[in-house]
Amino acid sequence: MDQFLSEAQRQARDGFRAFVDEYVMPVADEHDRQQATPPELIERMAKMGYLGGIVPAQYGGGGMDALTWGLLCEEVGRGSASLLSLLTVHGMVCQALIKWGTDAQRQRWLPLLATGERIGAFALTEPNVGSDAASIESTATAEGENWRIDGRKRWISFGQAANLLLVIAKVEGKAAAFLVERGTEGFSTEPITGMLGFRAAMLADVFLDGCRVPGDHLVGRVGFGFSHVAGAALDHGRFCVAWGCLGLARGALEASLAYTSERKQFGAPLKNHQLIQELVADMITQVGAARALCRQAAALKQAGDPALIMETSIAKYFTSRVAVKAASDAVQIHGANGCSDRYPVQRYLRDAKIMEIIEGSNQMQQIIIAKHGYHAFRFNKQATRGEGA
Amino acid sequence: MDAASAKAKVGQFVSEYLSNAEVDPELDLFASGMVNSLFAMQLVLFVEKDFGIAVANEDLDYQNFRSIAAICDFVGRKLGFATAAA
């Protein structure tokens, strides 16, 4: 029983959990080895309505509230971080259009994204530009009624599978966001393999060579592509990653609980050994704390509260660290078994490390969070002085 | 909601973000380098939540958000009151 969830949310969560147990957990390690997510699984996710979870019902989506969406990310993250990244980047394109698309853009693209006829991906990072995202080198030039886009994007999750990418490029030095369809002349992708984690996330290099898109593929306005359009997408991405990390940490915990209940050493199950209990106790506690931060972010997101930006950043930072610690301890508990691909915990550990890097590295989150802390400290101090005067 | 209370609300939000600094209502917040891209999204959420208005694609104009006075003017236009005298 979870007193924080409504009956509808509980039912939704149970459905997500059953789906992941049946269709994701049994194949996640194999997909990791193959470095691919088969289209059938993507189609199944679409059919379940998961891809369009955040899309309003009027556009054919699920119209999920923020907490229900978080629960979906948690369960999928428990099964496969690679599959979570599909929900993340597809959702980022949906979110950008929901918030900043024109009526015509929403009418045209959201129903296609909701059904999975279009798979979205978010193309911001470049070979020379990671954390310093405002310094992107890709350009867009107005040519009559079209835009010509030139540049290269790297580490694009589901870039191999996506057929509708939200590309951030600069127009005369000002950032702008564009929808680019696969099949557009000058657009091509190349798979990236050999990654530490997210091996089934279909990463790709994206090449934009004189890629021409119609004028109405501009999302938002020129000058607002990074701060507002990418900003909305990235905030949503951090929300997905935070909840996904919670799921990953839970997966590591549940694997450890199962393993230590069965495995015997020194004539007793591992769970009877106190140093194992220490590791498990810390996992349980940290998963609980991570859940609290994720729920806080969900409540703020649902309310549209400005604090959601910072609290989501805090949740992403904390949960990704919890995911790494829990996965690392799970491998430790599993011993040599945990280092083999017979158990999922090694995949959890590799994927967890990626979580500390994506959607704003944890160092970037720390800078933002600390700065916010000093702001709040000074403001509260001065406000208190004001009250006492 | 009237112009004076809108101005007070916006001023407090910006001041809070800038550690309670006193901010000239005409100061260009983005050109000043005092705010970052996260502030831009927080500002949108603030305007939407506290004034109950939707900020949409067509509102993405630098002139609507560049200063406290500009934000108040934008809110005033959305809610149908003048802010020039406030």
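Per chain, numbering begins at 1; letters A, B, ... match sequence-line order. On a predicted model such as this, the values are computed, not experimentally measured, just so you know.
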Kindly say whether A/His228 contributes a backbone atom to a donor-acceptor pair with the side chain of A/Trp100 at under 3.5 angstrom? yes
Without swapping roles, check the side chain of A/His217 against the backbone of A/Val180 for a donor-acceptor pair under 3.5 Å. no
Can you list every side-chain hydrogen bond (donor to acceptor under 3.5 Å, both in side chains) pair that touches residues 301-311 of chain A, not counting sequence neighbours? A/His236-A/Lys301
Sort by residue number and list every member of residues 42-52 of chain B having a non-hydrogen atom under 4.5 Å from chain A. B/Gln42, B/Val44, B/Leu45, B/Phe46, B/Glu48, B/Lys49
With distance as the sole criterion, is a donor-acceptor pair present between the side chains of B/Ser67 and B/Glu26 under 3.5 Å? no
Where at least one partner belongs to residues 120-141 of chain A, residue pairs that pass salt bridge (charged side-chain N to carboxylate O under 4.0 Å, His left out), sequence neighbours excluded: A/Glu126-A/Lys153
Which answer fits B/Phe13, side chain, backbone, both or neither, if we ask what part of it has an atom under 4.5 Å from a heavy atom of chain A? side chain
A/Ala303 versus chain B, the contacting section by heavy-atom distance below 4.5 Å: both
Geometric class of the B/Phe65/B/Phe74 ring pair [parallel <30°, tilted 30-60°, perpendicular >60°]: tilted
Counterpart residues, side chain to side chain donor-acceptor pair (under 3.5 Å), relative to A/Thr68 (two or more places apart): A/Asp65
Please classify the contact between A/Ile368 and chain B as side chain, backbone, both or neither, with a heavy-atom cut-off of under 4.5 Å. side chain
